[in-house]
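To start, the structure itself, in structure tokens.
Just so it is clear, the model here is predicted, and its values are computed rather than measured.
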Amino acid sequence: MCEDNHGGLARRALFVTGAAAALTLGSVSFASAADGDQETRTVRGTLPPGSPDFVYVPVEVPAGVREIKVAYTYDRPSVPAGTTGNALDIGVFDDRGTELGGRGFRGWSGGARTEFFLRADDATPGYLPGPVREGTWHIALGPYTVAPQGLSYEITITLTYGEPGEAARPVYPPERATGRGRAWYRGDCHLHSWYSDGRRTPAEIGALARAAGLDFINSSEHNTHSAHAHWADVAGDDLLVMLGEEITTRNGHVVALGTDPGTFVDWRYRARDNRFGRFARQIRRAGGLVVPAHPHATCVGCNWKFGFGEADAVEVWNGPYTPDDEVTLADWDSMLVASVRGERGWIPAMGSSDAHRDPDAVGSPQTVVLADDLTRQAIQEGIRAGRSYIAESARVALSFRASGGRGEHAGIGERLTVGRDTPVTVRLEVTGAPRCTVRFVTDQGVLHTSAPLPVAGAGVVEWRTTPSYAAYVRAEVRHEAAAGPVPGPLAAFTNPVFLGR
């Protein structure tokens, strides 16, 4: 075993890789060895507060390596209340380099694992199997937060020499399941398995999705597409599995929904780097949708700071309904008002579970989409058009439409094209929402609140208005409030119906 002390940050050069500043440390070298032999190197160092977002440790890999294995530890000193402690993420890039958006990415586990390996025929979840080629590899460290005392780390790198195993050819899930023609399909587009920081296998998620009454799901691991080749056995005639990624930057997270198999989207930039538009376009070129996730979440780096100019939809409801979802709902409603003023097109809302492990419930909430069929393209078209509502579970079903005086009508995500003073009737049918109240929300705010629905949970609520009074109407179904005038948590809500010419 050989040791190399990288020491403090001050003695290392700061390089710019793509857009984000990153520190590259001194390289770690290995000598060639005989088949079956192993060589190990250990490096240690300390990162001070204010470290760059990414620190790269170059590793000179000789020819003849069968497997590379990396293990790491770092200290977690006590910090004062209200102060962030140490959190260090890790991943790896191969001999093709660390260029932003380049081809060198080979895996990322964030802070979910303390070690990983790669070889031609297998790799740790979160990492991509493939040849361990000769050249300069880079271990990527992400000092997510650094305590005032600094962050001391130790990395152990082990190379095993020998003939590489035979690489398996990836098999991806089909882009079509057996649908019901034009119908309402239920899905959960934000899920995590053990291929990032989740604890469930794809098979376990598939079983939970079916039990939750879902028709489609989307693979969305943090900063890796390594799960894409592990969903084929989960998909079936009754469950469409789309492929994507949760791009987890330091300025917010975005779900790439339904990209082509094998699509990797880089995350190593902040809003100030002006790079997000490039990767949003990459998502669309790969056939996916751009969906900012939990925009007002309170975790470090979760709050969305890239704006919504590139968004195809926005995740308004994430997991159990909480105050940050309420803030996101209000923010989204303000964007609807801006769209009425003609300042921008409107952005549909979505809801997803963001489930990681027990007791996180897959399919709570879920997005219910009116689509022409149960295919990747049809589901995406329905989401992009806003022909959808969000429900806390498959027990809740909604039918929402507006009708005019001469038989004109429009459903969720559509426009009822009638004159400004034409009487309009808005009608919501609800099932599965016992004792919930219905609110109709417009560009003026909440203009109608129903009496509680019966214990059976089914009911019809109607309201009359005109386009001059309400430019759009959307429906909220809410549970009983705990106390006072604060509204209860959502059981369901719809995208709007627009009124007027």
Checklist entry - For H225 and E245, does a side-chain donor sit closer than 3.5 Å to a side-chain acceptor? => result no

Item to check | Separation of D325 CG from W332 CH2 (nearest 0.5 Å) | outcome: 13.0 Å

Checklist entry - Charged N to carboxylate O under 4.0 angstrom, R106 versus D94? => result yes

Item to check | Nearest heavy-atom neighbours spanning L257 and M350 | outcome: CD1-CE, 3.7 Å

Checklist entry - Is the distance between the ring centroids of F279 and Y269 under 6.0 Å? => result yes

Item to check | Close side-chain approach of T442 and H448, heavy atoms under 4.5 Å | outcome: no

Checklist entry - Is R113 salt-bridged to E115, cutoff N-O under 4.0 Å? => result no

Next on the checklist: By the salt bridge (Lys or Arg N to Asp or Glu O under 4.0 Å) test, which pairs, at least two apart or in different chains, include something from residues 454-466?
Outcome noted: R427-E462, E462-R464

Item to check | The single option from Y185, F400, W184, F493 passing ring-ring contact (aromatic ring centres under 6.0 Å, His included) against Y389 | outcome: W184

Next on the checklist: Are F308 and P292 packed together at the side-chain level, in the sense that at least one heavy-atom pair is separated by less than 4.5 angstrom?
Outcome noted: yes

Checklist entry - Are E310 and R284 ion-paired here, with the side-chain N under 4.0 Å from a carboxylate O? => result yes

Checklist entry - So does R285 pair up with D260, basic N to acidic O under 4.0 Å? => result no

Checklist entry - Does a donor on one side chain and an acceptor on the other come within less than 3.5 Å for N218 and S220? => result no

Checklist entry - Is the closest side-chain donor-acceptor distance between H190 and E315 under 3.5 Å? => result yes

Checklist entry - Taking all non-hydrogen atoms of both residues, which atom of D89 and which atom of G111 are closest, and how far apart? => result OD1-N, 3.1 Å

Checklist entry - Sub-3.5 Å donor-acceptor pair from the side chain of H228 to the main-chain atoms of G262, do we have one? => result yes

Item to check | Smallest separation among heavy atoms of P467 and V418, with atom names | outcome: CG-CG2, 3.7 Å

Item to check | Intermediate values then yes/no, side-chain hydrogen bond (donor to acceptor under 3.5 Å, both in side chains), E221 and S196 | outcome: CA-CA 5 Å; E221 309 296 356; S196 60; 2.5 Å; yes

Item to check | Intermediate values then yes/no, side chain to side chain contact (heavy atoms under 4.5 Å, CB included), T465 and W463 | outcome: CA-CA 7 Å; T465 187; W463 178 61; 3.6 Å; yes

Next on the checklist: Using 0.5 Å steps for rounding, measure from the CD1 atom of I379 to the CG atom of L370.
Outcome noted: 9.5 Å

Checklist entry - Mind checking whether L329 and E476 have side chains closer than 4.5 Å, heavy atoms only? => result yes

Checklist entry - Between Y321 and P365, is any pair of side-chain heavy atoms under 4.5 Å apart? => result no

Checklist entry - Does Q444 reach the main-chain N or O of Y469 with its side chain, forming a donor-acceptor pair under 3.5 Å? => result yes

Checklist entry - So, for F93 and H138, is the gap between ring centers shorter than 6.0 Å? => result no

Item to check | Check: D443 side chain, A470 main-chain N or O, donor-acceptor pair, under 3.5 Å | outcome: no

Item to check | Closest heavy-atom pair and its distance - A293, E246 | outcome: CB-OE2, 4.3 Å

Checklist entry - Is NZ or CZ of R268 both nearer than 6.0 Å to the six-membered ring centre of F105 and within 45° of the ring axis? => result no

Checklist entry - Do V430 and L453 come close enough that some side-chain heavy atom pair is under 4.5 Å? => result yes

Checklist entry - Would you call R180 and D373 a salt bridge, using N to O less than 4.0 angstrom? => result no

Next on the checklist: Please determine whether the number of non-hydrogen atoms from other residues, nucleotides or ligands lying under 6.0 Å from atom CZ of R341 exceeds 12.
Outcome noted: yes

Item to check | Side-chain (S109) to main-chain (G126) donor-acceptor, under 3.5 angstrom | outcome: no

Item to check | P129 backbone acceptor or donor facing R119 side chain under 3.5 Å | outcome: no

Checklist entry - Is it true that a side-chain atom of W317 and a backbone atom of T322 form a donor plus acceptor pair closer than 3.5 Å? => result no

Item to check | Stepwise salt bridge (charged side-chain N to carboxylate O under 4.0 Å, His left out) check, R186 with D215 | outcome: CA-CA 5 Å; R186 295 175 177 266; D215 301 295; over 6 Å; no

Checklist entry - Can a salt bridge be assigned to the pair R478 and E326 using a cut-off of 4.0 Å between side-chain N and carboxylate O? => result yes

Item to check | Check: H479/E392 side-chain N/O donor and acceptor closer than 3.5 Å | outcome: yes

Checklist entry - Is the shortest heavy-atom distance from the side chain of F440 to the side chain of T449 under 4.5 Å? => result no

Validation: residues 231-238 side-chain donor-acceptor distances under 3.5 Å, sequence neighbours left out:
unit_1 : atom_1 : unit_2 : atom_2 : d
W231   : NE1    : S219   : OG     : 3.2
D238   : OD1    : R210   : NE     : 3.3
D238   : OD1    : R210   : NH2    : 3.0
D238   : OD2    : R210   : NE     : 2.8

Next on the checklist: What's the separation between atom CG in L208 and atom OG in S364, rounded to the nearest 0.5 Å?
Outcome noted: 12.5 Å

Next on the checklist: For a 4.5 angstrom cut-off between non-hydrogen side-chain atoms, does L240 reach M242?
Outcome noted: yes

Checklist outcome for this item: Minimal heavy-atom distance between A349 and S388, with the atoms involved, is O-OG, 3.9 Å

Checklist entry - Does any N or O in the side chain of D188 come within less than 3.5 Å of the main-chain N or O of G363, such that one atom is a donor and the other an acceptor? => result yes

Checklist entry - Is any side-chain N of the basic residue among D53 and R270 closer than 4.0 Å to the acidic one's carboxylate O? => result yes

Checklist entry - Quick one: do D273 and R275 make a salt bridge, cutoff under 4.0 Å? => result no

Next on the checklist: Treating N251 as the side-chain partner and A271 as the backbone partner, does any N or O pair qualify as donor plus acceptor under 3.5 Å?
Outcome noted: yes

Checklist entry - Is it true that a side-chain atom of Y472 and a backbone atom of L336 form a donor plus acceptor pair closer than 3.5 Å? => result no

Checklist entry - Can you list the steps and then say if L141 with L88 is a side chain to side chain contact (heavy atoms under 4.5 Å, CB included)? => result CA-CA 7 Å; L141 302 177; L88 184 64; 4.0 Å; yes

Checklist entry - Roughly how far apart are S226 OG and Y127 OH, rounded to 0.5 Å? => result 9.0 Å

Item to check | Test of ring centre spacing under 6.0 Å for F116 and W108 | outcome: no

Next on the checklist: Just by distance, no angles: are the side chains of D354 and H192 close enough, under 3.5 Å, to form a donor-acceptor pair?
Outcome noted: yes

Checklist entry - Does any non-hydrogen side-chain atom of R200 lie less than 4.5 Å from one of D360? => result yes

Next on the checklist: Donor-acceptor pair, distance only, cut-off 3.5 Å: does the side chain of R199 make one with the backbone of R357?
Outcome noted: no

Next on the checklist: Can you confirm whether D122 is buried at CG, in the sense that more than 12 heavy atoms of other residues, nucleotides or ligands lie under 6.0 Å from that atom?
Outcome noted: yes

Next on the checklist: Let's go through R474 and N495 carefully: what are the C-alpha distance in whole Å and the side-chain angles of both, what is the deciding distance for side chain to side chain contact (heavy atoms under 4.5 Å, CB included) to 0.1 Å, and is it a yes or a no?
Outcome noted: CA-CA 6 Å; R474 59 180 184 84; N495 277 300; over 6 Å; no

Item to check | CZ (R395) with more than 12 external heavy atoms under 6.0 Å | outcome: no

Item to check | Nearest heavy atoms of V368 and A391, plus distance in Å | outcome: CG2-CB, 4.5 Å

Checklist entry - Can you tell me if D421 and T466 form a side-chain donor-acceptor pair at under 3.5 Å? => result no

